[in-house]
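Since the structure comes first, as structure tokens, the remarks are kept for the end.
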Amino acid sequence: MKKSEIHFSIALDDQRVPEAISWTATDAGTDIHFAKAINIALWDRNDSGTMKIDLWTKDMPVDEMKYFYIDTLGAMAQSLETATSDKVMAEKMRTLCQELMQHVEEQQKRNAAQNPQS
């Protein structure tokens, strides 16, 4: 049986807030990769429930965080459809992603209009 490993390293400041997130994986070569955020969800086989880890660095802008979650939801829709063939549920998730993108874009337009020098 082949074994694959993923390792995360989180650098914390004095208040235990992430300053840097890096990761390596046996199937991703020897390079160290850096991220501003991670979102890990595991289905616990004993408790039949989800365990989650959400971390982001201090320098993760709010708009990027919103895109990160929209992208994650879109990827989940594709994974769900592939794993279950439930096209209806996947399409509902994709529709939500489109609505969230419109919301974020409208917010950005409003913010730009209120702060033209930014």
Side-chain angles (χ1 to χ4, degrees):
M1 175 184 347
K2 182 181 175 182
K3 183 178 177 182
S4 184
E5 295 182 4
I6 302 170
H7 297 272
F8 293 96
S9 180
I10 315 299
L12 304 173
D13 68 9
D14 294 339
Q15 280 73 49
R16 301 180 52 89
V17 175
E19 288 189 328
I21 299 170
S22 62
W23 63 275
T24 58
T26 53
D27 290 346
T30 58
D31 292 344
I32 297 173
H33 305 273
F34 293 91
K36 289 184 181 179
I38 60 173
N39 175 300
I40 302 170
L42 307 166
W43 185 258
D44 186 279
R45 78 165 69 188
N46 296 326
D47 293 336
S48 292
T50 302
M51 298 171 57
K52 287 184 56 24
I53 300 171
D54 295 302
L55 296 172
W56 53 91
T57 59
K58 294 189 236 185
D59 67 339
M60 179 79 167
V62 171
D63 284 347
E64 284 185 23
M65 179 63 75
K66 291 177 183 182
Y67 287 126
F68 173 62
Y69 277 99
I70 294 168
D71 286 350
T72 300
L73 184 58
M76 289 171 60
Q78 183 59 50
S79 296
L80 177 78
E81 185 174 353
T82 300
T84 68
S85 298
D86 190 333
K87 295 182 184 312
V88 172
M89 191 169 172
E91 191 54 39
K92 287 178 183 278
M93 292 170 72
R94 289 185 187 103
T95 299
L96 176 59
C97 289
Q98 291 170 348
E99 291 171 8
L100 293 171
M101 281 298 294
Q102 289 173 345
H103 168 71
V104 170
E105 290 168 357
E106 288 169 5
Q107 273 188 327
Q108 288 176 337
K109 287 177 186 175
R110 279 194 303 274
N111 290 343
Q114 292 172 353
N115 303 309
Q117 66 274 13
S118 298

I need the [X] [atom1] to [Y] [atom2] distance, nearest 0.5 Å.
X: Asp63; Y: Asn111; atom1: CG; atom2: CG; answer: 7.5 Å
X: Glu64; Y: Asp71; atom1: CD; atom2: CG; answer: 11.0 Å
X: Ile10; Y: Arg16; atom1: CD1; atom2: CZ; answer: 11.5 Å

Could you tell me which non-hydrogen atom of [X] sits nearest to which non-hydrogen atom of [Y], and how far apart they are?
X: Ala90; Y: Ala77; value: CB-O, 3.5 Å
X: Gly74; Y: Cys97; value: N-SG, 3.4 Å
X: His33; Y: Ala28; value: NE2-O, 3.6 Å

Should [X] and [Y] count as side-chain neighbours, where that means a heavy-atom distance under 4.5 Å?
X: Glu91; Y: Val88; result: no
X: Lys58; Y: Gln15; result: no
X: Leu12; Y: Pro18; result: yes
X: Met60; Y: Phe68; result: yes
X: Phe8; Y: Leu55; result: no
X: Ile21; Y: Phe34; result: no

Do NZ/NE/NH1/NH2 and the carboxylate oxygens of Lys109 and Glu106 come within less than 4.0 Å?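 Glu106 and Lys109: not salt-bridged.
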Side chain of Thr26, backbone of Glu5: donor and acceptor closer than 3.5 Å?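 A pair under 3.5 Å: yes.
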Just by modelled atom types, is the Lys36 backbone N or O under 3.5 Å from a matching donor or acceptor in the Thr57 side chain?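 It does hold such a pair.
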Can Ile38 be reached from Met65 by stepping across I, L, V, M, F, W or Y side chains whose heavy atoms are under 4.5 Å apart?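 Result: no, two separate clusters.
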In the single-linkage hydrophobic clustering (I, L, V, M, F, W, Y; side-chain heavy atoms under 4.5 Å), do Leu42 and Ile53 co-cluster?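 Yes, Leu42 connects to Ile53 through the hydrophobic network.
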Exercise: do Glu99 and Thr95 side chains pair donor with acceptor under 3.5 Å: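 Result is no, nothing qualifies.
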Side-chain H-bond candidate by donor/acceptor type, Asp27 with Ser4, under 3.5 Å: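 Asp27 vs Ser4: donor-acceptor pair found between side chains.
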Begin with the C-alpha distance, continue with both residues' side-chain angles, and end with the deciding distance and a verdict on side-chain contact (heavy atoms from CB on, under 4.5 Å) for Gln108 and Lys66. CA-CA 12 Å; Gln108 288 176 337; Lys66 291 177 183 182; over 6 Å; no
Taking transitive links into account, so neighbours of neighbours count too, which hydrophobic residues share a cluster with Ile70 at under 4.5 Å side-chain distance?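 Same cluster as Ile70: Tyr67, Leu73, Met76, Leu80, Met89, Met93, Leu96, Leu100, Met101, Val104.
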So with a 6.0 Å cut-off around NZ of Lys92, is the heavy-atom count from everything else above 12?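 No, NZ of Lys92 has 12 or fewer neighbouring heavy atoms, counting only those of other groups under 6.0 Å.
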